Structure formats: C-alpha cells, structure tokens
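Order of the sequence lines sets the chain letters (A, B, ...), proteins ahead of strands, with each chain counted from 1. What you are looking at is a predicted structure, and each value in this text was computed from that prediction instead of being measured.
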There are 2 protein chains.
Amino acid sequence: MDGTTADKRRGMSDLRRHRLRLEISREASRLFWEQGVAATTGDQIARAVGLSTRTLWRHFRNKESCAEPVLLRGVEWETSMLRDWPRHVSLEDHFTSHVRHYTLTATRTDHLDDLLAVQMSVLARTEPAIRAAWLMACDQTQRELAEIIAARVDLPADGLLVRMHAAAASAVIRAHSEYIGAALLTGADPLQFADAPRRIARAVHAATGGAVGGVPAA
Amino acid sequence: MDGTTADKRRGMSDLRRHRLRLEISREASRLFWEQGVAATTGDQIARAVGLSTRTLWRHFRNKESCAEPVLLRGVEWETSMLRDWPRHVSLEDHFTSHVRHYTLTATRTDHLDDLLAVQMSVLARTEPAIRAAWLMACDQTQRELAEIIAARVDLPADGLLVRMHAAAASAVIRAHSEYIGAALLTGADPLQFADAPRRIARAVHAATGGAVGGVPAA
DNA sequence: TCCTTGCATGTCACTTAGCGCCATGGTGTC
DNA sequence: GACACCATGGCGCTAAGTGACATGCAAGGA
C-alpha cells in the first residue's frame with residue numbers, strides 16, 4: 001500500500017519531504033497536547049525527532065504550522081475519498097464504502113494519527129496558534145477540493161462557481177470534523193457517529209446546491 | 001450613527017479597545033502593503049501609532065494578527081448587514097438596500113479601510129502569515145454568523161445544523177470577497193460587481209439549503 | 001481636598017522564534 | 001575517483017513576544 005517508490009531523481013523527493021514533515025508534526029502535536037503550545041520550544045520538537053533546530057525551521061515556517069500535517073490527515077480522509085470518486089456513483093454511496101474500506105485497512109499508525117488530529121482540533125478551540133494552523137489546513141483542503149470539483153463539473157478551478165462550491169463543501173466538512181472531534185474528546189461513543197459519512201455526503205450535496213454529490217446523469 | 005457613548009464604567013471600554021486595535025491595524029496593514037510583512041517590525045508599527053512596543057503586544061498576540069481588525073471590516077460589512085436583517089424581508093432585498101445605504105453614508109475613512117482590507121486580502125494570497133490572519137477573521141465572522149442564524153431559526157448556536165449553515169454561508173461570503181478583491185486589485189471596474197449583493201444573497205440561500213435567505217413564512 | 005483603588009501604558013531585561021551564512025557529509029553521475 | 005548537488009548542522013544575529021515593576025491618569029470615597 002505504501003511501498004516507498006524508488007526515487008532516483010535528484011533532490012529530496014516530495015514523498016520523503018512529506019514523510020519527514022509528518023514525522024515532525026507527530027512529535028510536535030504530541031508535545032503541544034502534553035504540555036501546551038507555549039511551553040513547547042522549537043528545540044524540544046527538533047530533539048524529539050532527532051533533528052537540529054535549524055533543520056526544523058527549514059521544514060516549517062513557524063511553530064504553529066508544525067501541527068498542519070497532522071491536522072491535514074484529519075481531513076485528508078475526506079479529500080482522498082473525494083479524489084477517487086467514480087463519476088457514476090453518488091457521493092453518499094461512495095463515502096460509506098470508503099469509510100468501510102478505511103476501517104478495515106487502517107493501520108495502528110493511522111489510528112494514532114487520527115487521535116493526534118482530534119487532539120489538535122480540540123486544542124484549536126483554546127489555542128489561537130493551533131486554530132490558525134487548523135484553518136490553514138482546511139484552506140489547503142479547500143483548494144484541493146476545488147481541483148476535484150473543477151474536474152468533475154468541467155469548469156476552471158479558479159472560477160467563482162467552483163471556488164464557491166469548494167468553499168461550501170470544505171466548510172461543511174470542517175464543521176463536522178470540529179463537531180465530531182469535540183464530541184469524541186469529551187468521551188462520546190464513536191459508534192454514535194456511524195452514519196456521519198452519509199450525513200456529511202448529504203450536507204455537501206446540499207451546500208453545493210446539488211452540484212456536487214449526486215449522480216451526473218441520473 | 002457612531003456617537004461615542006459616554007463610558008462611565010471602570011476599565012477600558014470595549015469600544016475604546018476596539019478603536020485602538022483598528023487604529024493599530026490600519027498602520028500595520030499600510031506598512032505590510034508598502035514594504036512587506038517580513039520587512040515590517042513590531043517597533044515600526046508601534047512607532048507609527050505612537051505606542052510603545054510593549055503596548056502593541058498587549059493588544060495583539062503576534063504580528064500577523066495586527067491585520068485582523070482591518071480584514072474583519074472587509075466582511076463586517078456583510079455581517080452587520082445580516083445582523084439587522086428583518087425577519088419578513090428576503091436576504092436578497094435586504095442586502096441590496098443595505099448596500100445602497102452604505103454607498104450613500106460611507107465616510108472617507110470607511111473607503112480607506114475598504115481599500116486596506118482589499119489590499120490585505122490580496123496580500124493573503126502570497127503571504128502565509130496574512131492568510132492565517134484572514135482565515136482567523138473569517139472564522140470570527142462565522143461564529144458571529146452562527147449567533148445570527150441561531151436566533152433566526154430558533155436553534156442553539158452550538159448545534160451542528162446551525163454551525164453547518166454558518167460555515168457554509170461564511171465560506172460563500174469569503175469566496176466572493178476573495179474573488180472580488182483579487183479582481184479589483186488587478187484593475188477591474190467596480191461597477192462590474194454591482195449585482196454582487198444579489199448573487200451573494202442567492203449563494204448564501206443556496207449554500208444553507210434554503211434555511212437562510214428566504215422569507216420565513218412566504 | 002487628599003487618599004485610594006483600578007487600569008492602561010512605559011521601561012528594562014530576558015527567552016526563543018526564525019533566518020543568513022558557511023562548512024560538512026552523503027549520494028548520484030560521468 | 002572527481003565532481004556536482006543537496007540536505008543537514010553549527011554559529012551568530014535580529015526581532016518577536018513576555019514577565020516584572022514603576023508610573024500616571026481617572027473615578028470615587030472620606
């Protein structure tokens with residue numbers, strides 16, 4: 001599934017860069033959660049990963065953005081789902097099957113990442129720095145969503161309509177993520193959100209005025 | 001309209017605090033625009049306003065957030081419009097009349113603030129720090145929107161449905177703001193966006209699945 | 001009127017975020 | 001083996017942001 005493709009080209013491959021950023025983000029998020037953002041120094045994060053502080057700042061523009069990769073994985077779930085969404089399948093059906101597939105194939109690391117993501121999204125409620133990182137991650141998601149939608153409806157990704165739909169869809173996903181995350185961290189039963197995919201799919205469908213989510217030629 | 005209410009109570013009134021933050025934000029935004037964010041120091045901003053650096057950091061948690069009040073004013077336009085939205089009037093009608101009223105009563109300062117807001121939203125496209133501030137401002141807007149919508153549909157503001165609608169509405173408004181701002185700064189004719197209020201009102205109506213924007217009892 | 005209390009601001013010292021610069025080492029190509 | 005490229009580390013510096021303490025201003029009470 002995640003076999004490291006042999007990268008023969010020059011420079012650090014995007015994959016390796018991505019992996020390293022995620023690794024850093026994991027440690028940073030853990031520290032943020034355990035001892036707070038303010039009390040966590042760049043040196044601590046760097047040492048936890050086994051890097052020099054200088055290298056840390058080469059990979060992240062500031063402390064708060066260290067949380068972004070973990071936060072992104074929290075919604076990457078939804079975007080990756082949308083990415084390979086067959087044209088002739090409704091969003092609702094595809095979403096539910098995708099969730100089923102995820103729960104079957106998810107590794108231990110995946111679950112740990114999910115936990116970290118939830119923790120960060122909760123931390124975002126009180127820590128402005130993390131909130132900014134969360135919003136930046138969602139913004140990133142929104143731009144990817146715009147690409148996906150653009151390809152679907154065959155319109156330019158930087159057009160107003162596509163951007164509106166992407167914004168609305170991503171906002172709906174974000175609202176759900178925050179809501180569920182908050183509920184889970186206060187001890188809610190995960191099974192309570194079993195029908196979340198269906199609800200999210202419908203909400204996305206509704207928020208985009210029916211443009212995203214249905215079957216093209218019904 | 002904005003007569004300074006006599007504040008006899010102890011402590012700095014919210015109004016004064018708000019005004020000072022806006023004043024700081026104006027100077028900060030101007031400097032950000034003129035010489036870039038990285039080249040602008042906290043000392044420069046403080047000196048431009050006539051404050052000590054220490055006091056600057058008492059009013060803003062970091063440099064980037066100095067842009068928030070100006071950015072907020074860019075969308076405050078929409079939220080203040082929604083705030084006094086009569087129940088028996090459609091969003092579209094209210095929006096257009098509100099815009100007409102604004103263009104008649106706006107002061108020179110208002111227009112300068114609008115310009116600054118547009119400049120910042122454009123700067124947000126390239127400067128991650130400003131982008132974070134922009135997203136934080138929109139997030140703030142979204143929370144105010146949730147209050148407004150909650151009062152409208154008579155549901156708790158922290159419920160999932162209200163938050164979803166607020167998120168979708170605010171996302172749509174944001175997408176429009178970014179789009180129009182970018183167009184204006186590249187020399188587009190402002191008259192070209194004369195029907196923007198109507199389009200935004202309709203988009204909000206659509207994005208909230210019809211829950212926000214129509215006349216309650218048609 | 002004087003004293004007190006509360007609060008915003010200023011000054012100084014300090015930690016640390018974050019970056020420019022240069023050296024080093026590891027990896028791929030000729 | 002020589003060379004080029006690039007990620008990393010180390011050092012030093014500027015600037016972001018904070019804690020502690022002093023000052024000054026306004027309101028209110030005796």
Send over the distance from [X] [atom1] to [N] [atom2], rounded to a whole Å.
X	N	atom1	atom2	result
A:Leu15	D:dA7	CG	C1'	16 Å
A:Gln44	C:dT15	CD	P	16 Å
A:His59	C:dA17	NE2	P	17 Å
B:Arg16	C:dA8	CZ	P	8 Å
A:Leu31	C:dT16	CG	P	15 Å
A:Glu23	D:dA7	CD	C1'	17 Å
A:Arg19	D:dA7	CZ	P	17 Å
B:Leu20	C:dC7	CG	P	17 Å

Output one line per pair: protein atom, nucleotide atom from nucleotides 23-25 of chain D, and distance, for all N/O pairs under 3.5 Å.
none

Next on the checklist: Under 4.0 Å, heavy atoms only, any strand: does A:Leu56 hit a base, just the sugar-phosphate, or nothing?
Outcome noted: nothing
[X] side chain to [Y] main-chain N or O, any donor-acceptor pair under 3.5 Å?
X	Y	result
A:His59	A:Leu20	no
B:Thr103	B:Val99	yes
A:Ser25	A:Cys66	yes

Checklist entry - Which residue, A:Arg108, A:Arg26, A:Arg30, forms the salt bridge (charged side-chain N to carboxylate O under 4.0 Å, His left out) with A:Asp113? => result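 Among the candidates, only A:Arg26 passes.
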Next on the checklist: Against B:Glu68, only a single residue in B:Arg73, B:Lys63, B:Arg131, B:Arg61 fulfils salt bridge (charged side-chain N to carboxylate O under 4.0 Å, His left out); can you say which?
Outcome noted: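 Of the listed options, the one satisfying the test is B:Arg61.
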Next on the checklist: Does A:Ile45 form a side chain to side chain contact (heavy atoms under 4.5 Å, CB included) with A:Phe60? I'd like the steps, not just the answer.
Outcome noted: CA-CA 11 Å; A:Ile45 301 172; A:Phe60 290 94; over 6 Å; no
Item to check | Chi angles and distances behind the side chain to side chain contact (heavy atoms under 4.5 Å, CB included) call for A:Ile173, A:Ser177 | outcome: CA-CA 6 Å; A:Ile173 292 175; A:Ser177 289; 4.3 Å; yes
Item to check | Residues A:Tyr102, A:Asp114; criterion side chain to side chain donor-acceptor pair (under 3.5 Å); working and verdict | outcome: CA-CA 12 Å; A:Tyr102 177 79; A:Asp114 289 343; 2.6 Å; yes
Item to check | All pairs passing salt bridge (charged side-chain N to carboxylate O under 4.0 Å, His left out) where residues 164-176 of chain A contributes a residue, at least two apart | outcome: A:Arg174-A:Glu178, A:Arg174-B:Asp139
Checklist entry - In the 5'-to-3' direction, what one-character label does each nucleotide of nucleotides 10-21 of chain D receive under the scheme B = base within less than 4.0 Å of a protein heavy atom, S = sugar-phosphate only, - = no such atom? => result BB----SBBBB-
